[in-house]
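Right, one structure below, let's go through it.
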There are 2 protein chains.
Amino acid sequence: MKAQPSTATLDSVDRRILSELGTNPELTNKALASRLGLAESTCAYRLRALRENGVITGRRLDVDARSLGYPLQAVIKVRLGSHSQEHVEKLYDDLTATPGVIQAYHLGGADDFHLHVAVEDAEALRDFVLQHVTVHRVVRQTETQLVFELRDGPGVLPRETA
Amino acid sequence: MKAQPSTATLDSVDRRILSELGTNPELTNKALASRLGLAESTCAYRLRALRENGVITGRRLDVDARSLGYPLQAVIKVRLGSHSQEHVEKLYDDLTATPGVIQAYHLGGADDFHLHVAVEDAEALRDFVLQHVTVHRVVRQTETQLVFELRDGPGVLPRETA
DNA sequence: TGTGAAAAGATTAACAG
DNA sequence: CTGTTAATCTTTTCACA
């Protein structure tokens with residue numbers, strides 16, 4: 001069954017698990033259990049429950065874009081001329097499926113979308129904007145900014161004090 | 001040794017590994033090998049090499065922010081008044097260490113930083129901006145936009161045709 | 001719920017082609 | 001560089017407190 005994420009109540013063991021795994025995602029279940037002073041089976045059980053309750057939604061592989069021939073990253077801010085649901089959904093679906101797009105933010109406010117993309121070089125970036133973004137008639141305006149550096153913050157790791 | 005990421009040359013087996021793992025990061029080495037028609041040891045060897053060469057930089061856990069009590073996400077666009085290296089580095093370090101910050105983009109162009117944050121509610125968002133962003137004297141202006149939805153794109157997965 | 005021990009499964013290392 | 005085997009380690013399962 002697909003549980004409602006928001007209904008899950010997390011106790012302090014769950015929070016410690018998430019905190020450890022957030023800091024060190026490559027821990028095995030065994031190592032995690034020993035850090036937390038739990039039996040392996042207990043730890044595995046909690047982990048599975050966190051997944052089934054939708055708290056842990058998955059894992060991801062971090063890949064170095066440069067190594068793959070995409071040394072240039074950019075944020076493309078997109079503003080629309082029309083906001084009909086149909087157009088917006090279609091555009092979002094298309095953008096999300098476009099190779100090179102790492103993340104696509106759908107926003108409220110001045111910019112309608114932020115696209116985080118990785119490309120080969122400046123020319124590819126120009127082509128990307130022209131061929132994949134402004135080609136959609138619903139797009140009124142774009143503004144492209146280079147990404148100098150991208151860092152991960154602490155994110156939503158549970159505060160230990162709660 | 002820390003290898004130079006850009007010097008790694010990827011053959012078609014490496015690319016297939018990355019493509020499979022990008023699509024399905026939870027595959028075990030064994031399952032991956034069988035999908036690609038490789039021996040497990042070969043696949044494991046390739047994987048380790050990809051890590052040592054800095055192509056695969058790590059793994060990450062995806063956690064549902066709502067379940068942890070942060071149902072609201074926003075992008076805070078930050079513009080600076082001064083761009084001295086010292087000030088910029090200090091600010092970036094501080095922001096990257098601030099709880100609630102998921103990612104911090106350092107950009108070239110109109111906005112100097114984009115902060116992707118998760119917070120409890122609108123009031124917490126206001127407090128975040130005031131207490132953690134505009135509190136820095138080097139920040140001249142901020143603009144906050146709500147995140148309606150965030151999707152992952154295909155990213156930099158190797159194209160099979162290369 | 002949580003635990004410990006046995007069974008099943010996955011990874012690693014050594015070696016051969 | 002690839003594949004096979006065997007040893008090691010991890011995860012899963014289950015009876016029981």
Side-chain angles (χ1 to χ4, degrees), chain A residues 1-64 67-69 158 160 162, chain B residues 1-64 67-69 158 160 162:
Chain A
M1 77 179 166
K2 292 266 182 184
Q4 297 283 39
S6 46
T7 58
T9 44
L10 303 174
D11 67 12
S12 83
V13 176
D14 291 324
R15 281 199 291 272
R16 281 163 62 215
I17 288 176
L18 291 169
S19 179
E20 283 289 343
L21 274 186
T23 308
N24 192 344
E26 316 228 22
L27 283 177
T28 64
N29 177 66
K30 187 182 184 180
L32 181 62
S34 101
R35 282 198 185 209
L36 300 180
L38 296 173
E40 294 167 28
S41 56
T42 305
C43 190
Y45 173 81
R46 302 297 285 243
L47 265 179
R48 186 152 43 91
L50 286 171
R51 278 175 178 277
E52 283 172 357
N53 291 331
V55 179
I56 293 175
T57 54
R59 311 195 130 224
R60 190 177 330 192
L61 202 69
D62 286 333
V63 173
D64 179 64
S67 302
L68 294 175
E160 291 297 324
Chain B
M1 77 176 170
K2 293 267 182 182
Q4 295 284 39
S6 46
T7 57
T9 45
L10 303 174
D11 67 10
S12 84
V13 176
D14 291 324
R15 281 199 290 271
R16 282 163 61 213
I17 288 176
L18 291 169
S19 178
E20 282 289 344
L21 274 186
T23 309
N24 191 345
E26 317 227 23
L27 284 176
T28 63
N29 178 65
K30 187 181 184 179
L32 181 62
S34 100
R35 282 197 185 210
L36 300 181
L38 296 173
E40 295 167 27
S41 60
T42 304
C43 191
Y45 173 81
R46 295 293 196 131
L47 265 179
R48 187 151 47 90
L50 285 171
R51 278 176 180 277
E52 283 173 355
N53 291 331
V55 180
I56 294 175
T57 54
R59 311 193 134 230
R60 190 177 330 189
L61 202 70
D62 286 332
V63 173
D64 179 64
S67 302
L68 294 174
E160 292 298 324

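So that the names make sense, note that chain A is the first sequence line, chain B the second, and so on, each numbered from 1. Keep in mind that what you see is a predicted model, and the values were worked out from it rather than measured.
Backbone-only contact: B:Thr28 has heavy atoms under 4.0 Å from sugar-phosphate atoms and none from a base.
Taking atom CZ on B:Arg48 and atom C1' on C:dA10, their separation rounds to 16 Å, with Å as the unit. Between the CD atom of B:Glu40 and the C1' atom of D:dA7 there is a distance of 14 Å, rounded to whole Å. Atom CG of A:Leu47 is separated from atom P of D:dT13 by 14 Å (rounded to the nearest Å). Spacing between atom CG of A:Leu10 and atom P of C:dT1 amounts to 13 Å, rounded to whole angstrom units. Distance B:Ile17 CD1 to D:dC1 C1': 13 Å, rounded to the nearest Å. Between A:Glu26 atom CD and C:dT11 atom P the separation is 13 Å, expressed in whole Å. Distance B:Leu36 CG to D:dT2 C1': 14 Å, rounded to the nearest Å. D:dC9 atom C1' lies 16 Å from atom CG of A:Leu27, rounded to whole Å.
The two residues A:Leu68 and B:Pro158 have their closest heavy-atom pair at CD2-CG, 4.1 Å. The minimum heavy-atom distance between A:Glu26 and B:Gly58, with the atom names listed, is OE2-CA, 3.6 Å.
Between A:Arg46 and C:dG2 there is a side-chain N or O to OP1 or OP2 distance below 4.0 Å. Contact check, B:Tyr45 against D:dC1: a side-chain N or O comes under 4.0 Å of OP1 or OP2.
In this structure, the side chains of B:Val55 and B:Asp14 stay at 4.5 Å or more apart for every pair of heavy atoms.
At a cut-off of 3.5 angstrom, counting only N and O atoms as typed in the model, there is no donor on one side facing an acceptor on the other between the side-chain of B:Ser41 and the base of D:dT2.
Among the nucleotides C:dT11, D:dT11, D:dT4, the one closest to any side-chain atom of B:Ala39 is D:dT4. If you check D:dT11, C:dT11, D:dG3 against the side chain of B:Leu38, the one that comes closest is D:dG3. Which of C:dT11, D:dT12, D:dT2 sits closest to the side chain of B:Asn29 comes down to C:dT11.
Checking side-chain atoms of A:Thr57 against main-chain N and O of B:Asp62 turns up a donor-acceptor pair under 3.5 Å.
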(request) List the steps, then state whether side-chain contact (heavy atoms from CB on, under 4.5 Å) holds for A:Leu38 with A:Leu32. (result) CA-CA 8 Å; A:Leu38 296 173; A:Leu32 181 62; over 6 Å; no
